[in-house]
Amino acid sequence: MAQPKTEPARTASAPPAQPSDAAPAAGGPEQAAEAAMGLDMVLVDAARGPLRRLVPPAGTALRFGSALARKPDVVARRGGELARELGKVAVGRSELAPGKKDKRFADPAWSGNPLLRRAMQAHLATARVAWELIEDADLDWQDDERIRFTATNLVDALAPSNVPGLNPVSLKAVIDTGGASAVKGLRRLAKDLASPPRVPTMVEPDAFTVGEDLAVTPGAVVFRNEVFELIQYRPTTETVRALPLVMVPPTINKYYIADLAPGRSIIEHYVASGQQVFMMSWRNPDERHADWDLDTYGQAVLDAMDAVEQVTGQAHVALQAICSGGIITAMVLAHLAATGKQDRVRAASFMVTVLDWNRAGTMAALMDEKAVQAATERSRKKGYLDGAQLAEVFAWLRPNDLVWNYWVNNYLQGKPPPNFDILFWNSDTTRMTAGLHRSFIEVALQNRLTQPGASSMLGSPVDLSSVTVDSYVTAGIADHICPWQACYRSTQLLGGESRFILSTNGHIASLVNPPGNPKSTFQVAESTPSDPDRWLAQAQTVKGSWWPDFMSWLGDRSGEEIPAPRELGGNGLTVLAEAPGTYVFDK
């Protein structure tokens with residue numbers, strides 16, 4: 001299903017960046033002016049170097065130039081508009097102003113100081129004409145995305161708020177500290193440039209301690225093999241649901257995104273709701289594990305299910321998977337269906353997971369066969385894709401939020417970044433094996449999961465329509481990695497009944513959305529029509545977190561309640577370590 005061409009924001013400023021996962025989203029789908037980037041694009045960029053995409057392919061640049069050359073009157077008109085606006089800026093008559101949510105120019109000096117106001121307005125005027133020229137070129141969707149992405153990054157980088165001598169907060173910091181802020185900023189800059197990911201530090205490395213501040217829900221490792229540890233969480237209720245929940249985390253980050261600080265932990269909430277919870281904690285692989293691929297991780301999910309059955313005595317489980325873990329889980333479910341064992345799973349949940357990559361953002365537009373080959377060859381030679389490279393890519397997906405915001409804070413003001421648990425988790429990077437890197441790119445780039453039999457899992461052809469278990473699918477309305485419309489299409493691929501939840505915020509903050517936040521809402525509808533826009537039109541907004549809604553949905557499929565186990569492990573599986581385990585500390 002094709003998606004419409006991304007439109008630029010109709011403001012005087014550049015298209016607003018997607019809201020940071022550290023804060024609630026500022027708006028709805030209209031803020032998708034900054035092109036979304038899919039998992040496959042992220043993986044290609046991380047291997048080749050993220051800054052390569054800032055320069056569009058020669059063919060795209062040529063077609064853009066040719067398109068404008070065929071419209072000299074349009075180009076002349078835009079040039080005249082810019083000249084007139086810059087003239088107004090010079091004499092102080094321009095009315096251009098940044099968007100209300102544009103934090104770059106929030107300091108009163110940008111509007112009160114004549115020099116700063118003119119610098120800001122000149123930037124806004126130039127940016128506006130840049131977006132208009134891209135629109136005027138009327139390129140096909142791929143070239144349009146490529147040019148738009150390059151322009152966004154360049155415009156963001158050239159903002160006067162990034163210039164030390166212009167940004168008023170930088171000047172104030174120098175005056176207030178007698179120059180100490182500049183010295184501290186230079187030291188921070190030198191330190192960040194000395195090692196990957198070579199972007200401004202978003203959170204201090206000692207801001208939190210895993211096992212003390214984060215990932216503290218009580219539990220124990222009850223199974224371990226070469227690929228993962230299985231953590232069983234200690235019940236806090238007298239009775240529990242008979243159906244245990246097995247959680248499959250992303251393979252490109254550590255599992256404790258689901259177990260952040262108390263009060264913000266998904267696992268903590270589930271356990272308090274009477275749910276038996278088991279979490280897979282992936283090993284951080286290195287060059288020795290280069291051959292681990294989708295089959296390796298798919299078998300790991302089956303091994304986890306076997307271990308859970310051994311511990312609980314329950315022959316059935318529910319699965320909940322996050323992002324890349326959801327891709328693996330969906331393929332495992334197809335394998336179980338193909339082998340007549342799908343009844344082992346009574347319910348499945350997919351969080352911010354894309355299974356259909358048909359124009360799921362800029363990813364397909366920015367990739368070509370040569371880029372993919374170069375990316376997979378680099379990870380093959382090394383044996384893995386470095387997590388620091390992934391972190392760099394994620395930062396440049398939203399440069400205003402994740403690069404230039406910290407550039408101003410850390411370097412121009414010489415201040416430490418604020419402590420935030422999600423950003424600490426994001427910086428606690430992991431590697432991805434060369435085999436899994438290659439597998440993910442191949443499956444995504446060729447959109448194989450939409451074609452029955454085009455891919456396989458453990459020797460079985462993958463047909464997602466054969467997966468008939470009920471599914472609970474969640475997405476974030478401002479997700480820049482897994483656009484919500486692409487996540488929604490999972491409801492059309494899977495064969496069972498689906499409940500789709502559209503949460504507030506972006507990729508991760510849509511998940512870390514605990515009850516009690518007065519700003520939290522989610523949207524839900526009674527049916528899942530083929531068109532996501534039709535779904536959105538009929539969806540109702542519910543105030544609060546989706547966590548209790550999921551617990552209610554899962555409870556309806558969990559059977560009777562049974563006495564909570566007094567001890568962890570059992571039936572031959574013993575406690576190997578207290579939660580959060582040992583693999584989570586691998587660097």
Side-chain angles (χ1 to χ4, degrees), residues 39 223 225-230 243-252 255 258 277-283 291-310 312 314-357 432-433 435-440 442-444 448-474 487 490-491 493-496 498 554 557:
L39 176 63
F223 177 83
N225 65 16
E226 191 179 19
V227 182
F228 74 100
E229 292 181 328
L230 182 68
L243 188 74
L245 175 67
V246 182
M247 300 186 70
V248 185
T251 53
I252 55 177
Y255 84 87
V277 180
F278 292 79
M279 170 61 80
M280 299 178 70
S281 175
W282 301 117
R283 182 177 193 166
D291 293 334
W292 290 1
D293 56 11
L294 276 170
D295 281 347
T296 308
Y297 285 86
Q299 183 60 53
V301 174
L302 295 179
D303 291 342
M305 292 170 57
D306 291 341
V308 170
E309 180 177 352
Q310 185 174 342
T312 64
Q314 300 292 329
H316 310 286
V317 302
L319 295 175
Q320 184 170 52
I322 306 173
C323 195
S324 58
I327 300 170
I328 297 166
T329 299
M331 298 178 74
V332 168
L333 286 168
H335 164 72
L336 291 173
T339 55
K341 299 177 181 178
Q342 188 176 186
D343 63 344
R344 294 188 65 186
V345 180
R346 289 291 173 85
S349 171
F350 300 92
M351 300 195 286
V352 292
T353 298
V354 173
L355 303 177
D356 179 355
W357 289 269
M432 176 180 286
T433 69
L436 188 62
H437 181 223
R438 180 186 64 251
S439 296
F440 271 148
E442 290 174 351
V443 168
R448 290 182 178 179
L449 296 187
T450 64
Q451 310 160 40
S455 58
S456 65
M457 170 57 72
L458 297 169
S460 300
V462 171
D463 180 0
L464 294 185
S465 67
S466 69
V467 178
T468 56
V469 300
D470 290 350
S471 59
Y472 189 98
V473 180
T474 66
C487 294
S490 296
T491 66
L493 288 178
L494 300 168
S498 294
L554 186 58
R557 293 157 178 79

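Since this is a predicted model, take the numbers as computed values, not measurements.
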For this session: Let me see the working for Lys341 and Leu336 under side-chain contact (heavy atoms from CB on, under 4.5 Å), right down to the final yes or no.
Result: CA-CA 5 Å; Lys341 299 177 181 178; Leu336 291 173; 3.9 Å; yes

TODO: Report the C-alpha separation of Thr491 and Ser471 in whole Å, then their side-chain angles, then the decisive distance to 0.1 Å, and conclude whether the side-chain contact (heavy atoms from CB on, under 4.5 Å) test is met.
DONE: CA-CA 8 Å; Thr491 66; Ser471 59; 5.8 Å; no

side-chain contact (heavy atoms from CB on, under 4.5 Å) for Phe440 and Ile328? Distances and angles first, verdict last.
CA-CA 9 Å; Phe440 271 148; Ile328 297 166; 4.2 Å; yes

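Applying the side-chain hydrogen bond (donor to acceptor under 3.5 Å, both in side chains) rule to Asp343 yields no partners; only residues at least two apart in sequence or on another chain are considered. Every residue two or more places apart in sequence or in another chain that forms a side-chain contact (heavy atoms from CB on, under 4.5 Å) with Gln314 is listed here: Ala242, Pro244, Thr312, Ile562. In this structure, Asp295 has no side-chain hydrogen bond (donor to acceptor under 3.5 Å, both in side chains) partners at least two apart in sequence or on a different chain. For Tyr255, there are no ring-ring contact (aromatic ring centres under 6.0 Å, His included) partners at least two apart in sequence or on another chain.
Across all their heavy atoms, Cys487 and Val473 have their closest contact at O-CG1, 3.7 Å. Here the closest heavy-atom approach between residue Glu442 and residue Arg448 is recorded as O-NE, 3.9 Å.
With rounding to the nearest 0.5 Å, the separation of CG in Leu294 from CE in Met457 is 5.0 Å. With rounding to the nearest 0.5 angstrom, the OG1 atom of Thr296 is 8.0 Å from the CG atom of Asp291. Distance check: Met247 CE to Ile322 CD1 gives 5.0 Å after rounding to the nearest 0.5 Å. Separation of atoms CZ (Arg344) and CG (Leu333) is listed at 11.0 Å; rounding is to 0.5 Å. Atom CG of residue Asp463 and atom CG of residue Leu493 lie 10.0 Å apart, to the nearest 0.5 angstrom.
In this structure, Ser439 contributes its side chain and Asp293 its backbone to no donor-acceptor pair below 3.5 Å. Although no hydrogens or angles enter the test, the distance criterion places a donor-acceptor pair under 3.5 Å between the side chain of Gln342 and the main chain of Ser466. Side-chain atoms of Thr433 come within 3.5 Å of backbone atoms of Trp292 as a donor-acceptor pair (strictly under, hydrogens ignored). Using modelled atom types, one side-chain atom of Thr353 and one backbone atom of Met351 make a donor-acceptor pair closer than 3.5 Å.
Of the residues listed (Val246, Leu319, Asp470, Leu243), the one engaging Val345 in a side-chain contact (heavy atoms from CB on, under 4.5 Å) is Leu319, and it is the only one.
Using cut-offs of 30° and 60° for the angle between ring planes, the Phe228 and Phe223 rings count as tilted.
Contacts classified as ring-ring contact (aromatic ring centres under 6.0 Å, His included) and involving residues 452-474 (residues at least two apart or in different chains) are given here: Tyr472-Phe550, Tyr472-Trp553. Identified under the ring-ring contact (aromatic ring centres under 6.0 Å, His included) test for residues 334-353, with sequence neighbours left out: none.
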